Structures are given as structure tokens and as C-alpha cells.
Amino acid sequence: MITKLLLILFTAIFIENYIFSKFYGVCPFLGVSKDPATAVGMGLAVTGVMTVSGAATWLLYRFVLVPFGLTYLDTLAFILVIAALVQALELFLKKMIPSLYRALGIYLPLITTNCAVLGAALTGISDFEGTLEHFASAVVYSFGSALGFLFAIVLFAGVRKRLESALPPKAFQGIPLALISAGLVAIAFSGFSGMRF
Amino acid sequence: MEHIFYAVLWFLVLGGLFGSGLAFLAKKFAVKTDEREERVKALMPGANCGGCGFAGCSSFAEALLRGEATPDGCGSMDTEARDEICDLLGLPRMTVEKKVAHVMCSGGCRAKEKYLYEGIRDCRIAASLAGGNKLCHNGCTGLGNCERACEYHALHVIDGVAQVEKDKCHSCGACVKACPKGLIVMIPEKAVYAVQCSSHEKPKDVMRACEVGCIGCKKCEKVCPNGAVTVTDGVAEIDQTKCTSCGLCAEACPRGCIVKL
């Protein structure tokens, strides 16, 4: 059981990294990766939301949507859960860490529409459907995916920090260069794809 | 039918649950905000020009509330808004003289070129090549760094020299920073006469380099009844606090570098 969970964790972080191999959640990834400190904040915020929403949506799906035959409403129900969680997180950050709240700006409420969060919830219910034993796997999967996001955004913030001191041609300045470098990092990550567990 | 009933019921339950949960959290994590903050922010000009030295209008407003800045730090604000902010913050009302940018060169096409510059359209680059493309060391290169720096389109390069449209200037000072030659200064908006040359070179060199360069002849200094004009280091200067806009200096100037704005 433990080995299985560790494998799920490793797979979610590296092999099926949400940013670099599935290309989910690229908007905050590009938007908040200018400064490593803010990137860590964003990564942790997403990690919190994704893990809790992964657990909450799995339980909601298993004990509410399936018994009442409402599985066709899963996206709607999950967005409801995620939106509520993000709102709660926003209130929490505003009170406890105002500097991070300001640094994240619009990207904080936008976690609601971050497809990585919904993606983790939907994959969690489809890949780990069934008994409560699968619940642990789904939660670990969500947590691992979120750690993958954190890892990717912090790694890339470091890359962008270096790009700032480079002087690319004008047409490549800013987002174009960021996209190209993101592609290069993604190529590096494709090296993991040969590993199958 | 049953499906619809359960769907509506469960979503009502979930919505109610999350809603009341958030309402509870909002109470618990309520942040006390200074009620003046919103009002001060609303009174900001909203240009986010950065002339005050803060990141933008809202940072400036926060600095005002913390007492780290004073309302006269903003040049773009109109008098009524500033008065209202002073009242809100309990400060005495302050009068701030509005300043506008002024280019201390009027050479342009009338100033001789040192060489033909065909590089990137950037004043800094031209200025770093043998001191600029103009024979005069203090000449405007006319490549428009100030024009690009101005968010309000108040500066334009016309006839090879930057010129200011006074009514569009918000005194943010972006052009002052952008000019590699340091030719742009802030002068009071109500100033009528100003010197448009900053060449400290010898009269002979000025004559050779530019049709409208100040040669430091002191005619303006002698003719001014208020002692507002002084020639220092070969170039005339007008003390705008003493100037009564009589225009005698402009008439007396043999080079036409004191101009009516």
C-alpha cells in the first residue's frame, strides 16, 4: 500500500507533471513565476486548494453524486467546492499574510478556474473510483499533482530570474521568451516519460 | 423528475453549506481597514505614473495613510482632490505650484550636426557616441526617448527637438529621467518666459554649433528690471519667482534663446 502511494506521488510530481507534461494550469504558471518568493506562495496556495479539494470532491462524488445518480453534474459540483475553498483561502491570506495576498493579486481568485485543480479532482474520481482504500490514493494523487505544480513554478521562477538579465531581441522579450523557455523545460521533463510503473 | 429534485436539493444543501461556512470565516478573518483608505484611493488621479516615487496611485495612498508621504508628493493631482485628502488626513491644506516639463534646448534643425546618426532611434545610444549627434554637447538629439517615456503624450519631437505641450503635462518627471543629456527640467506652469538653451560652451563654439544657442552675453541680465535673469557659467537662467513676465529679456536676446512659452 505504502509503495503504491509513493509511486502515485512520484508519478504525479515528475512523470505526469501537470505543467510540463499535461500543460494544465499554465496561466498562473506564467503569471506568477516572475519572482521565486511569490512563486512559492502561489505553489503553496494551489497545493492547499488542490489537496483539500481532491479529498472533498472524492468524498462528495462517492457519497452524494453516485448514490443519487447525479454523476453528470460532477464538474459543476467540483467547481462549487473549489470556489468555496479558494474564497476561504483568500480570506485566510488577507488576514494572515497580507504581503502574499497583494503579491498574488488577481491570480489568487483565479485559482478557482485553474484547470489543474479541477483536472486533479476529475482524474482523482475516474482513476481511483471505488472503496475508501482508493480515497487515500486519490488524496495522494491530488497532493502529488499539486507538489508537481509547486515544483514546476518555483523551478521556472528561477529560470525567469536569469532571463531578466538576458537581453533578447525585442520581439522575444517577456512572454514569448517565457513560453520558449517553458517549452525547453518541458522537453527536459519528457525524459521522465519513459518511466512507467 | 426524481433526478431533478435530488439535483436541486443537493446543490441547495451544498451551496448553503459553503455559503454559511464562508460567511463564518469572513467574520472570523475580518480585516480592519482604515475607512479613509478607500476614499483617499478614490481621490487619486489614477494615472499610476510613478512620479511620486511609489509603485502607483494605490501605494501612494497607502503611504499617505501611514504618514510616509505628504499629499504634495503627487504632481498630477488637482487642487480640490489634494484639499480633500488633506482634510481627510487632518493635515493643513497645502498649495502646490503645478510644474511642467521644459526642454532646455531649442536647437533641432537649427543646431549643426556633428555626424549623421543612422543607428537605433534611442537618445542614450546617440549620446554615448562622441557625446551625441549634435555639434553642441548639450543639444537635444531629437530621437524621442522623452516622447516614448511620456505616458500622457505631452512631449513630441518637432523639427528635430523635443517640445512640451503644457496642458498635457502631469508633472510626473518621467521625461526628466529619460533624457540622457539632462535637458528637461520642471518649471512652474505659470512661467511665461524661459531659457531654451543649456550650452555652457565658449561663445565662439556656441556660435559655430547652433543658431539659437546662448552665448552668455548678459544682455538679458542687464535689461531685466527685477534681477530675475542671471548668467552663470555662460548660460542665462531665469528665476521664476522674481520674473514678472515683462518680456524685456526675450526682446533683448540676440540669439532668440529666451522664448515665450
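None of the values given here were measured: they were computed from a predicted structure. Throughout, a chain's letter reflects where its sequence line sits, starting with A, and its residues are numbered from 1.
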*Strictly by modelled atom types, are His134(A) and Thr131(A) linked by a side-chain donor-acceptor pair under 3.5 Å?*
yes

*Please, which pairs that meet ring pair (Phe, Tyr, Trp, His ring centres under 6.0 Å) have at least one residue in residues 86-115 of chain B, sequence neighbours excluded?*
none

*Can you name the side chain to side chain donor-acceptor pair (under 3.5 Å) partners of Thr47(A), sequence neighbours left out?*
none

*Within residues 56-80 of chain A, which positions have a heavy-atom distance to chain B below 4.5 Å?*
Leu60(A), Val64(A), Phe68(A), Gly69(A), Leu70(A), Tyr72(A), Leu73(A), Leu76(A), Ala77(A), Leu80(A)

*asked:* Looking at His170(B) and Lys168(B), would you say the former's side chain and the latter's main chain have a donor-acceptor pair under 3.5 Å?
replied: yes

*Ignoring hydrogens and geometry, is there a side-chain-to-backbone donor-acceptor pair from Thr70(B) to Leu64(B) under 3.5 Å?*
no

*Is the Tyr18(A) ring parallel, tilted or perpendicular to the Tyr141(A) ring (thresholds 30°, 60°)?*
perpendicular

_Heavy-atom count check: over 12 atoms from other residues, nucleotides or ligands less than 6.0 Å from Lys34(A) NZ?_
no

*Would you please go through residues 150-166 of chain A and name the residues with a non-hydrogen atom below 4.5 Å from one of chain B, in numerical order?*
none

*Minimum-distance pair of heavy atoms, taken over all atoms of Ile85(B) and Pro71(B)*: CG2-CG, 4.2 Å

_Donor-acceptor contact below 3.5 Å, side chain Asp159(B) vs main chain Gly108(B)_ = no

